[in-house]
Trainee: 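Mind having a look at this structure? Questions to follow.
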Amino acid sequence: MSGVVLVLNSGSSSIKYQLVEPVAGTAVASGLVERIGEPDGRVTYSFGDKRFEHCGPIVDHADGLLLAYQMFTDYGPDLEAAGIKAVGHRVVHGGKLFHQPTLINDATLSEIERLCTLAPLHNPANTIGIKAARKDFPDVPHVAVFDTGFFHSLPEAAATYAIHRDIAEQYGIRRYGFHGTSHEYVSREVARVLNRDLATLNTIVLHLGNGASASAVRGGVAVETSMGLTPLEGLVMGTRSGDIDPGVLMYIHRSAGMDVEQTDALLNQNSGLKGLCGVNDFRELCAQMEAGSEAAQLAYDVYVHRLRKYIGAYVFVLGRVDAIAFTAGVGENAANVREDSLSGLETYGIAVDPERNRSGIRGARVISTDHSRTTVLVMPTNEELAIARAAWEFV
């Protein structure tokens with residue numbers, strides 16, 4: 001195992017981690033810390049053909065990282081002997097300064113921390129991972145790969161908010177977009193799987209997890225995305241509201257006396273699916289729906305309605321859609337979401353095959369009918385591989 005990259009991908013409620021051989025494109029070992037901050041937390045870990053699991057409360061991201069490292073210690077491989085050449089870190093918000101893979105030093109870390117106000121669920125988690133890894137691996141280059149990087153080249157018309165431009169310029173207010181590593185990876189994988197020239201392909205990528213975003217990609221270049229200045233804009237998410245009338249914020253301030261911090265917590269941590277039905281895990285949402293919960297059904301309907309609105313908008317943005325790709329936890333596993341979000345669109349050349357869609361086959365696959373003009377795919381994302389390759393190329 002000479003020449004591997006340790007990747008830390010800290011999300012809002014999870015930590016994905018992998019030891020990756022970037023040239024071969026394979027994971028030596030991988031794990032997932034999920035349901036951070038909840039009483040039923042879980043750590044799963046795979047090394048070789050063996051799989052290990054730890055269940056119990058996970059207090060916060062620092063606690064989750066300790067458990068992740070413990071898996072290496074308990075089950076192998078030995079990180080000290082693994083030949084780690086770089087540690088690649090997913091960082092959600094790079095602001096206007098960062099859009100390329102960047103070497104992490106004290107100044108870089110300070111700027112990433114400064115941007116926490118723009119990504120309050122993510123950049124704090126990212127910085128925890130960076131600080132812990134720099135302490136544990138002080139002699140290895142640490143590289144930040146930014147979620148916003150893929151959307152740095154959005155057309156000005158898509159990136160610009162219609163507010164006073166002096167204020168926007170002074171405070172760096174624009175649409176940055178997020179999940180860029182995943183959107184870029186998936187759009188390229190679609191071209192590879194379909195054996196198409198990326199430069200000629202128009203794709204809608206739907207990254208649906210606890211955080212969710214959509215993108216329109218023309219010829220491998222992002223031209224529109226659902227998230228904006230922060231990861232709060234766009235689709236309905238696990239705990240985030242997505243699109244909301246800004247007037248709501250002023251209304252609840254005046255009527256409920258909620259200050260900025262309370263409003264921030266409401267929209268980022270207590271809205272979305274959780275706000276509508278009490279749970280943010282999509283598996284629990286589906287279980288509640290099956291049990292007859294009206295609140296869960298409404299939450300699902302709102303989620304799918306918003307998703308359909310964005311798909312329709314991006315069809316018009318692109319003009320021609322060659323492929324629609326579902327990815328991430330919900331996108332890859334929730335057949336009902338894929339079916340319901342694209343139902344009744346046969347007139348527009350989009351038709352999902354029910355049997356293909358509900359097949360138990362894993363991995364990249366086509367789920368549209370043979371006669372669908374637009375190819376619909378389930379395309380597993382691999383942000384960790386993309387981060388590892390970016391870090392490897394950088395060092």
Side-chain angles (χ1 to χ4, degrees), residues 1-11 14-33 44-48 61 64-65 68-69 71-72 76-92 94 98-105 108-109 112 122 125-134 136-150 178-192 205 207 209 220 327-329 332 363-364 379-395:
M1 289 189 298
S2 61
V4 296
V5 176
L6 176 64
V7 176
L8 295 177
N9 180 350
S10 297
S14 66
I15 303 170
K16 297 177 185 177
Y17 60 101
Q18 284 189 10
L19 197 61
V20 180
E21 292 182 336
V23 176
T26 58
V28 176
S30 62
L32 171 64
V33 182
T44 53
Y45 181 68
S46 298
F47 176 42
H61 283 77
L65 279 169
Y69 286 142
M71 288 291 186
F72 285 107
D78 181 355
L79 290 178
E80 300 235 349
I84 296 175
K85 302 300 183 185
V87 180
H89 296 269
R90 176 206 182 198
V91 178
V92 167
F98 301 120
H99 56 91
Q100 298 288 348
T102 303
L103 183 69
I104 297 174
N105 52 31
T108 306
L109 182 57
I112 291 171
H122 296 88
N126 303 153
T127 58
I128 290 171
I130 291 170
K131 289 177 179 178
R134 289 182 80 200
D136 292 333
F137 304 97
D139 301 321
V140 175
H142 292 253
V143 180
V145 180
F146 296 92
D147 260 19
T148 48
F150 183 52
F178 301 90
H179 296 143
T181 306
S182 176
H183 285 277
E184 182 175 19
Y185 176 85
V186 168
S187 60
R188 292 178 182 277
E189 282 295 288
V190 167
R192 184 187 65 80
V205 179
H207 178 107
T327 193
E332 294 172 32
M379 183 62 63
T381 190
N382 195 335
E383 293 172 285
E384 291 71 35
L385 175 57
I387 293 167
R389 285 177 169 164
W392 180 264
E393 290 171 5
F394 181 87
V395 301

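Here the structure is a predicted model, which means the values were calculated and not measured.
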Trainee: Is it true that the side chains of Glu21 and Thr26 contain a donor and an acceptor less than 3.5 Å apart?
Mentor: yes
Trainee: Any non-hydrogen side-chain atom of Ser187 less than 4.5 Å from a side-chain atom of Phe150?
Mentor: yes
Trainee: Search all heavy atoms of Ala132 against all heavy atoms of Leu65 and return the closest pair with its distance.
Mentor: CB-CD1, 4.2 Å
Trainee: Can you confirm whether Phe72 sits close enough to Phe47 that some side-chain heavy atom of one is under 4.5 Å from a side-chain heavy atom of the other?
Mentor: no
Trainee: Evaluate the criterion side chain to side chain contact (heavy atoms under 4.5 Å, CB included) for residue pair Leu79 and Leu19; output intermediate values, then yes/no.
Mentor: CA-CA 9 Å; Leu79 290 178; Leu19 197 61; 4.3 Å; yes
Trainee: Does any part of the side chain of Lys85, heavy atoms only, come nearer than 4.5 Å to the side chain of Trp392, both counted from C-beta?
Mentor: yes
Trainee: Can you tell me which residue among Arg90, Gln18, His89 is in a side chain to side chain donor-acceptor pair (under 3.5 Å) with Asn9?
Mentor: Arg90
Trainee: Side chains of Tyr17 and Val33, heavy atoms from C-beta outward: is any pair under 4.5 Å?
Mentor: yes
Trainee: Would you sort out whether Ile387 and Leu8 count as a side chain to side chain contact (heavy atoms under 4.5 Å, CB included), showing the intermediate values?
Mentor: CA-CA 9 Å; Ile387 293 167; Leu8 295 177; over 6 Å; no
Trainee: Is it the case that Ser10 and His61 place a side-chain donor and acceptor less than 3.5 Å from each other?
Mentor: no
Trainee: Are the side chains of Arg134 and Leu109 in contact, using a 4.5 Å heavy-atom criterion?
Mentor: yes
Trainee: If we ignore hydrogens and angles and just use 3.5 Å, is the side chain of Asn126 paired with the main-chain N or O of Val92 as donor and acceptor?
Mentor: yes
Trainee: From the options Val205, Thr181, Thr327, select the one residue that forms a side-chain contact (heavy atoms from CB on, under 4.5 Å) with Thr381.
Mentor: Thr327
Trainee: Under 4.0 Å between a Lys/Arg side-chain N and an Asp/Glu carboxylate O for Glu184 and Arg188?
Mentor: yes
Trainee: Evaluate the side-chain proximity of Val20 to Leu385: yes if any heavy-atom separation is below 4.5 Å, no if none is.
Mentor: yes
Trainee: Heavy-atom distance under 4.5 Å between the side chains of His142 and Ile130, does that happen here?
Mentor: no
